[in-house]
*Asks:* 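Pasting a structure here, questions to come.
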Amino acid sequence: MIAQQLVNGTMLGAIYVLVAVAFTLAIGVLNFLNFSIPGLFMVGGMGTWILMRLGWHWSVAIGGALLAAALIALCVERLAYRRSQKSDPEVPLVSSLGFLVLLENLVLATVGSDQQPFPALVPDFNLRIGGLVIGAAQIISLVIAVCLVVWLSIMLRKTSLGRQIRGVAENRDTAILLGVDVGRLVPQLFVFSALFTALGGVLFALNYLQVSAFMGEGIGFKGIAAMIIGGMGSVWGAVLGGLLIGLTEVLSISYIGADFVNITVYGLLLVLLILRPQGLLGRAAAREKL
Amino acid sequence: MSAAPALTLDHLGKAFGGLRVLRDLSFTVRAQEPTALIGPNGAGKTTVFNLVSGVYAPSEGRILLGERDITHMPSRRRIAVGLSRSFQNIRLMSHLTVIENLIVGQHVRASGLLDLVKPFRLVPNHRWRREAIDALAECGLEAYADESVSALPYGIRKRIDLVRATLAGASLLMLDEPAAGLNPTETNAMRAHLELLKKRGVTLLIVEHDMHFVDQVCERVIVLNFGEKIAEGTLAEVQRDPQVRSAYLGDEAA
Amino acid sequence: MSGYQTGLLVILSFNVIAAYAVYLPLSAGQLNLGIAGFMAMGAYTAAYLSNELAWPLTAAIPAGAAASCLLALVVAVPILRTHGIYLALATFALGQVITAVFLNLEVVGAAAGYQVTTFTGPATVIAGAAGVLAFMLLLSRTRFALYLTAIKSDPTVADLMGINVRGMQIAAFAIGAAIAGLGGGLYGHHFSFVEAQHFSVALSVYTVLYVLLGGTQTVFGPLVGAAFFTLLPELLRASQGWRYVFFALFIIGFMATRPQGLITADLLRVFRRSRRAPEAAQP
Ligand SMILES: Nc1ncnc2c1ncn2[C@@H]1O[C@H](COP(=O)(O)OP(=O)(O)OP(=O)(O)O)[C@@H](O)[C@H]1O
Ligand SMILES: [Mg+2]
């Protein structure tokens with residue numbers, strides 16, 4: 001039934017939104033395709049699971065996992081981003097990929113490659129409207145995702161930090177001339193980006209009740225697709241892209257077949273990149289000046 | 001004096017968005033008559049070069065190279081019909097060595113498919129390499145042949161940029177501030193180099209702020225201000241022009 | 001040679017082939033993040049031709065490379081309209097789509113994988129890699145290779161020099177795809193099995209990773225990078241489950257301290273000079 005699929009797609013989309021926002025902050029502002037983001041997504045879900053198994057209360061465990069993700073993001077900034085500013089544009093991409101490999105294999109070496117069952121933290125409560133069934137975890141995810149995105153968009157527009165971020169995204173050199181302390185701003189951005197994606201990982205665990213070392217890859221890569229479809233660097237674009245990808249995925253699973261998901265999702269991405277590379281809500285890149 | 005036009009701009013205009021950078025600009029550069037294009041900062045001199053070389057398309061007007069209308073010719077084909085240029089901020093290819101940059105500069109004379117895929121660098125002292133070394137040697141730069149360009153001093157890079165621009169065998173050479181940033185010795189070397197090119201029949205169009213240099217190298221001067229031509233003639237003539245004095249030499253005249 | 005060593009050499013060969021497939025367009029500044037898709041194209045085409053049409057190996061594998069090259073030519077025109085990060089992501093998406101199509105293609109076994117009846121030994125694979133290496137060494141001595149680097153440095157100036165920038169980029173992209181297709185064809189025939197899942201994002205991005213590890217400034221970089229990537233995990237074998245952790249730490253540390261890669265143009269120049277004038281090598 002299509003209405004139910006639309007609901008499920010939107011809920012899945014909410015998780016993609018968080019990941020896409022994480023990517024869009026890194027790309028839109030820093031022009032950095034940060035491949036460690038799928039790893040941080042996993043740190044969110046897996047970290048919570050590990051800390052809870054150590055006997056921590058779930059709320060502390062989530063906080064601990066988010067903190068871990070933020071700290072790792074600071075390492076990524078230091079070692080992958082900052083060090084390779086002057087080299088070829090592909091270099092930071094590769095070293096951030098090194099972090100993804102590192103995180104996945106750390107978990108692999110300690111926890112193993114199996115899917116681990118994640119305890120149901122949210123009471124098994126279903127909202128029924130007409131024929132629709134909406135789980136409590138789904139509602140919580142959607143609410144958190146929406147709140148975060150709204151907060152981010154207000155922060156970017158209203159606060160001085162937000163204005164600085166937008167200034168750097170617009171033109172890094174001018175922003176530096178105008179006195180923006182990029183050395184401080186960039187690590188903050190990395191932390192924001194990490195928090196968004198790690199929270200996505202937590203919500204994923206809450207919804208699907210399982211975590212694994214590689215849980216970040218599929219979601220993370222589709223998060224990239226969501227970001228591009230919406231338009232790199234645009235927060236609301238990431239929202240639109242995330243929801244579109246979520247819906248496309250759920251609808252193609254139920255109407256075409258699970259194996260077709262990658263064809264539809266990445267096919268959509270490919271077509272869009274060719275027809276409108278700046279994405280649905282993005283602006284065309286400025287032309288090089290001689 | 002030969003009167004054949006080498007380059008003609010015909011009512012050329014260029015706007016970037018709402019900003020009109022050039023308007024109704026017409027002038028002719030005669031073959032083998034070294035010409036200078038001068039004007040205050042932001043007058044639109046580099047933009048003229050960008051339009052003529054095809055980096056940007058003009059908003060209006062025509063560009064003729066000799067008799068030929070090249071207004072809509074793709075930028076890549078213009079060097080083959082005899083047009084070559086240098087850049088205000090030297091643009092040598094930083095990933096390549098000096099000699100490799102020069103070999104890239106020879107492209108129009110070696111653009112067949114066979115030239116493209118021949119592993120000529122297996123041949124010691126291949127004709128192409130020798131030719132590039134000879135061009136360097138002419139201005140005493142051969143010692144730098146195998147250096148990476150990014151490590152070289154500014155003055156050397158500037159002259160290598162010039163050598164590269166000449167290697168295509170173009171008949172019209174446009175140089176954007178060739179003497180800027182050079183010390184007196186380097187300026188002299190640059191001038192000697194340009195004299196050599198003149199002797200070979202190359203037509204020079206030069207953007208330059210150093211009036212002494214312009215006086216020594218060029219026979220005719222065209223003055224731009226705010227994208228419009230305000231004077232044309234010998235350097236002495238334009239320097240007497242009241243409009244030029246107020247616009248360009250304003251502070252000195254005052 | 002022991003079976004273990006031969007096995008390692010075969011893996012190295014596949015990695016070298018993949019490395020050059022990525023390197024060629026990358027030397028013109030184009031990052032292909034979907035190289036696995038082109039390998040899949042070569043692998044499935046070659047396997048299909050030798051299975052169903054009984055083509056001999058010597059025809060099927062080159063045909064796989066040609067098919068991959070053809071696919072690249074078809075998609076190059078729209079895809080190479082994008083630049084920089086957009087291009088990288090477009091190739092990324094393309095790789096995913098190609099692999100997903102094979103995952104659903106019933107004639108080649110879909111998700112169950114595709115058995116390849118003809119087998120080819122390690123010698124062919126190693127010869128294939130040697131051939132690719134020789135080809136790349138020759139190519140690196142041509143104007144074409146110089147132009148690719150020129151385009152990477154400054155496409156605007158390359159264009160004004162009269163170089164057909166788009167044409168060169170398309171050629172580099174397509175030849176790279178052909179090399180990937182060749183690697184794919186050899187892969188399928190060596191392991192007698194092709195499955196779409198093998199040609200994953202991970203395969204694509206790991207290849208890019210070791211190419212950059214080796215360095216993209218010279219033609220030797222990918223070779224060294226592939227060797228490193230093949231051998232380092234073996235050296236770390238003693239650490240068992242932790243070996244990829246150490247490997248990742250190594251990559252991060254390495255890229256942070258030497259982002260230009262292991263082999264650079266300057267390094268080679270120093271080497272050549274000291275060979276030319278051995279007496280002057282002592283500083
Ligand atoms: N691509 C562009 N987009 C927008 N404006 C441009 C562009 N290129 C040039 N301009 C503007 O056009 C005007 C003329 O620039 P141009 O570079 O031609 O000046 P110029 O005479 O070469 O100056 P200078 O002596 O400083 O080199 C300037 O106001 C400049 O800002
Ligand atoms: Mg200028």
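Both backbone and side-chain heavy atoms feed into the values below; hydrogens, waters and symmetry mates do not. So you know, we letter chains A, B, ... as the sequences are listed, proteins then strands, and number each from 1.
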*Asks:* Do C:N104 and A:F260 have side chains that get closer than 4.5 Å, going by heavy atoms?
*Replies:* yes
*Asks:* Counting only heavy atoms closer than 4.5 Å, note whether A:L270 contacts chain C via side chain, backbone, both or neither.
*Replies:* both
*Asks:* Show the nearest heavy-atom pair for residues A:I274 and C:P78, with the distance to one decimal.
*Replies:* CG2-CB, 3.5 Å
*Asks:* Rounded to the nearest 0.5 Å, what's the gap from CG on A:L79 to CD1 on C:I252? Could you check?
*Replies:* 7.0 Å
*Asks:* Please flag which part of A:I27 lies under 4.5 Å from any non-hydrogen atom of chain C: side chain, backbone, both or neither.
*Replies:* side chain
*Asks:* Measure the shortest side-chain to side-chain distance between C:I251 and A:V101 over non-hydrogen atoms and say whether it is less than 4.5 angstrom.
*Replies:* no
*Asks:* Would you say A:E90 and C:V208 make side-chain contact, with heavy atoms under 4.5 Å?
*Replies:* no
*Asks:* Heavy-atom pairs under 4.5 Å with chain C are the metric here; pick the option from A:A109, A:C75, A:P92 that has the most.
*Replies:* A:A109
*Asks:* Should C:V245 and A:L102 count as side-chain neighbours, where that means a heavy-atom distance under 4.5 Å?
*Replies:* yes
*Asks:* How many angstroms lie between CG in A:L106 and OH in C:Y244, if you round to the nearest 0.5 Å?
*Replies:* 15.0 Å
*Asks:* Atom CZ in C:R243, atom CG in A:N105: separation rounded to 0.5 Å?
*Replies:* 10.0 Å
*Asks:* Let me confirm one number: the CD1-CD distance from A:I263 to C:Q96, rounded to the nearest 0.5 Å.
*Replies:* 11.0 Å
*Asks:* Would you mind checking which part of A:I224 comes under 4.5 Å of any heavy atom in chain C, side chain (CB onward), backbone (N, CA, C, O), both or neither?
*Replies:* side chain
*Asks:* Please state whether the side chain, the backbone, both or neither of A:T264 comes within less than 4.5 Å of a heavy atom of chain C.
*Replies:* neither
*Asks:* Most heavy-atom pairs under 4.5 angstrom with chain A, which of C:L89, C:L103, C:T257, C:L87?
*Replies:* C:L89
*Asks:* Under 4.5 Å from any heavy atom of chain A, what part of C:F92 do you find: side chain, backbone, both or neither?
*Replies:* side chain
*Asks:* Do you know the tightest heavy-atom contact between A:G98 and C:A248?
*Replies:* O-CB, 3.5 Å
*Asks:* Pick one of side chain, backbone, both or neither for C:L26, based on which atoms fall under 4.5 Å of a heavy atom in chain A.
*Replies:* side chain
*Asks:* Quick check on the interface: out of C:V205, C:T216, C:V75, C:T99, who has the most heavy-atom pairs with chain A under 4.5 Å?
*Replies:* C:V205
*Asks:* Contact between C:Y206 and A:V94 at the side-chain level, heavy atoms closer than 4.5 Å - yes or no?
*Replies:* no
*Asks:* Would you say that C:V201 contacts A:E217 through its side chain, given a criterion of any heavy-atom pair below 4.5 Å between the two side chains?
*Replies:* no
*Asks:* Quick one: closest heavy-atom pair of A:N262 and C:A100, and the distance?
*Replies:* CB-CB, 3.5 Å
*Asks:* By a 4.5 Å heavy-atom criterion (distance strictly below it), what part of C:L209 contacts chain A: side chain, backbone, both, or neither?
*Replies:* both
*Asks:* First locate atom OH of A:Y266, then atom CD1 of C:I98, and finally report the distance between them rounded to the nearest 0.5 Å.
*Replies:* 14.0 Å
*Asks:* Would you say that A:L93 contacts C:L31 through its side chain, given a criterion of any heavy-atom pair below 4.5 Å between the two side chains?
*Replies:* yes
*Asks:* Among the options C:P259, C:A88, C:G253, pick out the one with the most heavy-atom pairs lying under 4.5 Å from chain A.
*Replies:* C:P259
*Asks:* Would you please test A:F99 and C:L249 for side chain to side chain contact (heavy atoms under 4.5 Å, CB included) and show each step?
*Replies:* CA-CA 8 Å; A:F99 274 94; C:L249 285 174; over 6 Å; no
